[in-house]
Amino acid sequence: FSAERKRMSVLCQHEGVIHCITKGADIALATLLTSKLGAKEEDQLRFFSEMGLRTLVVASKTVDPSAFASWESQWLTAKGSLESRTERLAECGAMIEKDLQLVGI
């Protein structure tokens, strides 16, 4: 997580399927979703906001094992980088955090 990205993700494997689960601010995740937030979700966000509550959007996707292997290689390289590590890790995060499906608010 970083304040600039306004989101964080975890990758996990369950019953042989790799999942990317991402949580973050609605403005940070809206552009990463496969479809726009609907009127119902926008109304929920507005309602919670008017109550003074902070909101998080949760989204996920399944990750193809070969795509994960390629991404993981780049992630490990970025993680071991001595120069621009933070930026490189953020770039790798952005690579996997796309085409997400809304789970909830």
Side-chain angles (χ1 to χ4, degrees):
F1 180 85
S2 73
E4 296 82 31
R5 290 172 21 90
K6 299 180 182 172
R7 65 181 183 272
M8 67 178 290
S9 295
V10 294
L11 291 162
C12 59
Q13 186 172 5
H14 179 69
E15 297 181 354
V17 180
I18 301 169
H19 301 274
C20 175
I21 304 168
T22 305
K23 71 169 187 167
D26 55 303
I27 59 172
L29 262 60
T31 60
L32 305 176
L33 298 173
T34 55
S35 59
K36 293 182 178 184
L37 291 174
K40 180 180 176 183
E41 290 82 15
E42 293 287 348
D43 288 344
Q44 288 175 330
L45 288 167
R46 190 176 310 100
F47 175 75
F48 293 140
S49 175
E50 289 170 355
M51 292 179 57
L53 301 173
R54 293 183 58 189
T55 58
L56 288 175
V57 173
V58 178
S60 71
K61 72 173 185 177
T62 57
V63 180
D64 177 74
S66 62
F68 174 76
S70 173
W71 175 86
E72 183 182 34
S73 173
Q74 294 177 46
W75 174 262
L76 292 173
T77 300
K79 191 174 175 182
S81 177
L82 297 177
E83 296 179 12
S84 305
R85 179 180 304 159
T86 302
E87 293 82 7
R88 293 180 72 188
L89 288 172
E91 289 171 5
C92 285
M95 288 170 47
I96 200 84
E97 299 167 332
K98 60 183 178 180
D99 300 326
L100 301 169
Q101 294 184 349
L102 178 67
V103 173
I105 298 172

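This chain uses plain numbering: 1 for the first residue, then up along the sequence.
- The shortest non-hydrogen separation linking Trp75 to Cys92 is CE3-CB, 3.6 Å.
- Hydrophobic clustering places Val57 together with Phe47 (ILVMFWY residues linked when any side-chain heavy atoms are closer than 4.5 Å, directly or through intermediates).
- In this structure, the side chains of Met95 and Gln74 come closer than 4.5 Å at one or more pairs of heavy atoms.
- A single hydrophobic cluster is seen to contain both Leu100 and Leu45, as judged by linkage of ILVMFWY side chains at heavy-atom distances under 4.5 Å, directly or through other members.
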Item to complete: Output, in order, the C-alpha distance, side-chain angles, deciding distance and verdict of side chain to side chain contact (heavy atoms under 4.5 Å, CB included) for Leu29 and Thr22.
Response: CA-CA 8 Å; Leu29 262 60; Thr22 305; 4.0 Å; yes

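- Residue pairs meeting the side chain to side chain donor-acceptor pair (under 3.5 Å) criterion with at least one member in residues 88-105, sequence neighbours excluded, are Arg5-Glu97, Arg7-Glu97, Ser9-Glu97, Ser81-Arg88.
- Residues Leu11 and Leu89 share a hydrophobic cluster, clusters being chains of Ile/Leu/Val/Met/Phe/Trp/Tyr side chains in contact below 4.5 Å.
- The line from SG of Cys20 to CH2 of Trp71 is 8.0 Å long, rounded to the nearest 0.5 Å.
- With a 4.5 Å cut-off on side-chain heavy atoms, Asp26 and Leu56 do not count as touching.
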Item to complete: Would you check, one step at a time, whether the test salt bridge (Lys or Arg N to Asp or Glu O under 4.0 Å) holds for Asp43 with Lys40?
Response: CA-CA 5 Å; Asp43 288 344; Lys40 180 180 176 183; over 6 Å; no

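- Rounded to the nearest 0.5 angstrom, Lys36 NZ and Thr31 OG1 are separated by 11.5 Å.
- At a threshold of 4.5 Å between non-hydrogen side-chain atoms, the residues His19 and Val63 do not count as touching.
- The closest donor-acceptor contact from the side chain of Lys61 to the backbone of Ile96 lies under 3.5 Å.
- Contacts of Phe48 classified as side-chain contact (heavy atoms from CB on, under 4.5 Å), with partners at least two apart in sequence or in another chain: Gln44, Leu53, Thr55, Ile105.
- In this structure Val10 satisfies the side-chain contact (heavy atoms from CB on, under 4.5 Å) test together with Ile21, sequence neighbours excluded.
- At least one side-chain heavy atom of Met8 sits under 4.5 Å from a side-chain heavy atom of Lys23.
- Remark: Glu41 CD to Arg46 CZ distance equals 11.5 Å, nearest 0.5 Å.
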